[in-house]
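I have placed the structure first, in the form of structure tokens, so that the comments after it can refer back to it.
Excluded from the calculations below are hydrogen atoms, water molecules and symmetry mates; all remaining heavy atoms, backbone and side chain alike, are included. Start at 1 and go down the list; that is how both ligands and their atoms are numbered.
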Amino acid sequence: MDRLYLIKYGELSLKGKNRKDFENRVRDDIRMKLSDLPIKFRRDWGRLYLYPPPSDQAPDASCRIESTLAHTFGIVGFSKSYAVAKNIEEIQGAACALAEGLMRSRGKRFKIEARRSDKSFPHSSYDICCILGDRLRSRFPELKVDLNRPDWIMQVEVRKRVYVYGSSAKAPGGLPLGASGRGLLLLSGGIDSPVAGYLMAKRGLAMDAVYFHTPPYTSEQAREKVQLLAGILSSYATGLRLWIVPFTEIQLRINKAAHKEATTLLVRAAMLTIADRLAHLHEYDCLVTGESLGQVASQTVQSLHFTGSYTGVPLFRPLIGMDKAEIIQLAHDIGTFETSILPYEDCCTLFAPDHPVVRPEINRMVSSFRSLGLEGSIAQAVAQTTEESVAG
Ligand code: ATP
Ligand code: MG
């Protein structure tokens, strides 16, 4: 009798010829996240099976595996299951072992659901339910069948082997990481950009992040906060790296030379120009920001048109149609909110004008940006960009 995790794919079951590639990506993502554990995989008809290491070799492996699967895109759920040969005595043994635990944790009323994909197995689904129901009640007389309001449901699936399991845990769905290419997330210490990164990673975008740092106006703690956020994101976007761009000189030159009302937009244009250069240097397919339509002056249609004109690669703003309350809810769900609200200053708020331009005229803004003559400073900032460790 084996103990294993039965993993259910999500949308990738629709993907025809790419299916194998998608399945490999899911497996490789899990393998990379758990690279220190001796786990094994097997694939079978739209399912992935993960074999954990023996519990004496890795006593806390179950927790690690379950938390990893709950953060893995491309799968919708998983169940810790018994796997036995197609033999009714063995199935009964697994059912008793599972029921013993469920009875203690959930209650006494139960129901069995059986599915038989392998029709050569001599017992019908209905027979399997009856045989197992009788066996469980004779082994544990306090158990009661309750088809309408059971405390727990036992699932039995007859495939190449027979799988017996209780409840399934949820995984986030989406597409396997990397199936949609690689992107670069502009990650500030705020609430929005980590959520934007999560949403794009969920649609299969493997991702690194870039932070524009403005010391001494923004502190080391502000940078550490971004490292923490990058760490949380990397539990979904496996392998996420963090770039830090030294941005003080550019910020000060803009503050000095530009009209105060236009500074935020010009700073955004400089950030996107640099991010676009990094995308070419490191072969990212796109950029991602946490902007949402109308949230602030730099996020009106006209402002987004202007700032967006500074990228050659596609720029995605996955929060564009979301309300702040919805974004905050997602930030809670993915575990970034508490870190995002830590009280460290953000260069954008520090230098924000009191009356920013709301509907910029794009040609005028483009010439203001050009007249700043930032080319040398931008090239220098790109050259001095460094990689920072991701807190984890
Ligand atoms: P966030 O909550 O992500 O900070 P926000 O609503 O506060 O977003 P802004 O501060 O105007 O909006 O920033 C808009 C977007 O620009 C951010 O979502 C982020 O993608 C990017 N951005 C802003 N500041 C930085 C920074 N210092 N480093 C990296 N990206 C930044
Ligand atoms: Mg911000």
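Under the 4.5 Å side-chain heavy-atom criterion for Ile, Leu, Val, Met, Phe, Trp and Tyr, Leu265 and Ile320 are members of distinct hydrophobic clusters.
Between the side chains of Arg223 and Tyr211, no donor N or O sits under 3.5 Å from an acceptor N or O. When only modelled atom types and interatomic distance are considered, Tyr5 and Glu66 share a side-chain donor-acceptor pair under 3.5 Å.
The distance from ligand 1 to the heavy atoms of Gln295 drops below 4.0 Å at these ligand atoms: 6 (O). Proximity to Ile191 (heavy-atom distance under 4.0 Å) selects the following atoms of ligand 1: 2 (O). Close approach of ligand 1 to Val210 (heavy-atom distance below 4.0 Å) involves ligand atoms 29 (C). Heavy-atom contacts of Ser193 reach the following atoms of ligand 1: 1 (P), 3 (O), 18 (O), 19 (C), 20 (O) (cutoff under 4.0 Å). Close contacts between ligand 1 and Tyr211 involve ligand atoms 27 (N), 28 (N), 29 (C) [criterion: under 4.0 Å to a heavy atom]. Every atom of ligand 1 is numbered from 1 in the order shown, and the set under 4.0 Å from a heavy atom of Asp192 is 1 (P), 2 (O), 3 (O), 5 (P), 6 (O), 8 (O). Applying the 4.0 Å criterion to heavy atoms of Gln299 picks out, from ligand 1, the atoms 6 (O), 9 (P), 11 (O), 12 (O), 14 (C). Residue contact check: Gly190 has heavy atoms under 4.0 Å from atoms 1 (P), 2 (O), 4 (O) of ligand 1.
For Pro194, no nitrogen or oxygen atom sits less than 3.5 Å from a nitrogen or oxygen atom of ligand 1, counting backbone and side chain alike. Annotation: Val288 places no N or O atom under 3.5 Å from an N or O atom of ligand 1; distance criterion only.
Figure legend: cation-pi geometry between Arg3 and Tyr82, with NZ or CZ positioned under 6.0 Å from the six-membered ring centre and within 45° of its axis.
Using a 4.0 Å cut-off between heavy atoms, Met271 contacts ligand 1 through its side chain alone, with no backbone atom that close. Under 4.0 Å from ligand 1, not a single heavy atom of Val226 appears. At a heavy-atom distance under 4.0 Å, only backbone atoms of Leu187 (N, CA, C or O) approach ligand 1.
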request  = Assess whether side-chain hydrogen bond (donor to acceptor under 3.5 Å, both in side chains) is satisfied between Thr72 and Asp29, documenting all intermediate values.
outcome  = CA-CA 8 Å; Thr72 297; Asp29 187 15; 4.7 Å; no
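In terms of heavy atoms, Gly239 sits closest to Asp208 at O-OD1, 3.9 Å.
Under the salt bridge (charged side-chain N to carboxylate O under 4.0 Å, His left out) rule, Asp151 has a single partner from Arg106, Arg109, Arg104, Lys108, which is Arg109. Exactly one of Val358, Thr264, Leu304 qualifies for a side-chain contact (heavy atoms from CB on, under 4.5 Å) with Ser298. That residue is Thr264. Here the options are Arg25, Arg19, Lys20, the test is salt bridge (charged side-chain N to carboxylate O under 4.0 Å, His left out), and the partner is Glu23; only Arg19 passes.
Distances from atom 31 (C) of ligand 1 to the heavy atoms of Ser292, Ala209, Ser298, Ser188 show the closest one on Ser188.
Note: Phe73 and Tyr236 have parallel aromatic rings, judged against thresholds of 30 and 60 degrees for the angle between ring planes.
Heavy atoms of Arg268 approach ligand 1 to within less than 4.0 angstrom.
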